[in-house]
Amino acid sequence: WAVLVAGALMGAGDVIAQQLVEQRGLHGHQCPRTLKMMGIGFCFVGPVVGSWYRILDWLIPGNTKAVAVKKVILDQGGFAPCFLGCFLAVTGATNGLSLHENWAKIQQDYMDALVTNYCIWPPVQIANFYFVPLQHRLAVVQCVAIVWNCYLSWKANRM
């Protein structure tokens with residue numbers, strides 16, 4: 001279920017990016033790009049993030065405030081930087097970038113995306129880890145992530 005939600009919301013984020021941010025209009029909408037972003041959500045984001053939450057809950061069990069803070073530190077200090085780099089690499093590869101072009105794109109976009117990540121995700125994750133049961137965390141994140149996915153789609157597909 002969580003993988004399906006991740007794919008659908010990655011696609012929705014791309015539609016929003018193309019229509020509201022890039023203002024492509026219906027005739028200018030790039031359907032293959034939306035399908036690629038959905039595929040990345042189904043095959044990469046959903047499984048990786050869902051697995052990460054299970055691992056994180058196993059590493060740091062519980063749901064006290066202190067546990068939530070520890071999880072956010074591990075999530076945002078370790079997982080987020082790695083995941084973001086991998087996401088940009090996967091997106092570049094699916095966009096047909098060569099290894100050299102992909103590396104240049106990652107170097108261009110990574111720090112800006114990471115700083116933006118740190119503006120959005122720590123408060124969301126504190127609430128998520130403290131209030132939300134494990135089985136619903138990915139869905140909560142993906143609901144909040146519709147704006148984040150819009151940003152990531154715009155950032156990753158800007159050539």
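- At least one side-chain heavy atom of Leu114 sits under 4.5 Å from a side-chain heavy atom of Pro81.
- Inter-residue side-chain proximity for Cys150 and Val21 is flagged as met; some heavy-atom pair is nearer than 4.5 Å.
- We find the CZ-SG distance between Phe87 and Cys82 to be 15.5 Å, quoted to the nearest 0.5 Å.
- Of the inter-residue distances, the one linking Tyr151 atom OH with Asp112 atom CG reads 3.5 Å to the nearest 0.5 angstrom.
- The side chain to side chain contact (heavy atoms under 4.5 Å, CB included) test with Val69 is passed by exactly one of Thr64, Ile126, Ile60: Ile126.
- The shortest side-chain heavy-atom distance between Ser153 and Arg33 falls under the 4.5 Å cut-off.
- Crowding of Leu99 atom CG: a count of heavy atoms from other residues, nucleotides or ligands under 6.0 Å not exceeding 12.
- Side-chain atoms of Asn102 never come within 3.5 Å of backbone atoms of Leu97 as a donor-acceptor pair (strictly under, hydrogens ignored).
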Q) Stepwise, does the salt bridge (charged side-chain N to carboxylate O under 4.0 Å, His left out) test hold for Arg137 with Asp57? A) CA-CA 11 Å; Arg137 286 184 191 150; Asp57 212 51; 3.1 Å; yes
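- Under 3.5 Å, the side chains of Asn95 and Asn157 contain a donor-acceptor pair of N or O atoms.
- No donor-acceptor distance shorter than 3.5 angstrom exists from the side chain of Tyr53 to the backbone of Val48, with no hydrogens or angles considered.
- A distance of 9.5 Å separates CG of Leu9 from CE of Met38, quoted to the nearest 0.5 Å.
- Considering every non-hydrogen atom in both Phe44 and Cys86, the closest pair reads CZ-CB, 3.7 Å.
- With no hydrogens or angles considered, a side-chain donor-acceptor pair links Trp52 and Asp75 at under 3.5 Å.
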Q: Could you check Asn63 against Phe131 for side chain to side chain contact (heavy atoms under 4.5 Å, CB included), going step by step and ending with a plain yes or no?
A: CA-CA 7 Å; Asn63 64 345; Phe131 296 112; over 6 Å; no
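- Taking 4.5 Å as the limit, every side-chain heavy atom of Tyr130 sits out of range of all side-chain heavy atoms of Val67.
- No side-chain heavy atom of Asn149 sits under 4.5 Å from any side-chain heavy atom of Asp14.
- In this structure, NE2 on His29 lies 9.5 Å from CD on Glu22, to the nearest 0.5 angstrom.
- The structure places CD1 of Ile120 at 10.0 Å from CD of Gln76, a figure rounded to the nearest 0.5 Å.
- Side chain of Thr94 to backbone of Thr91: a donor-acceptor contact under 3.5 angstrom is found.
- For the pair Ala80 and Asn117, the tightest heavy-atom approach, listed with the atom from each and the gap, is CB-ND2, 3.9 Å.
- Taking 4.5 Å as the limit, some side-chain heavy atom of Thr34 sits within range of a side-chain heavy atom of Gln18.
- Distance check: Leu59 CG to Arg54 CZ gives 13.0 Å after rounding to the nearest 0.5 Å.
- Across Pro47 and Gly41, no two heavy atoms sit closer than the pair CD-O, 4.0 Å.
- In this structure, Gln108 contributes its side chain and Lys105 its backbone to no donor-acceptor pair below 3.5 Å.
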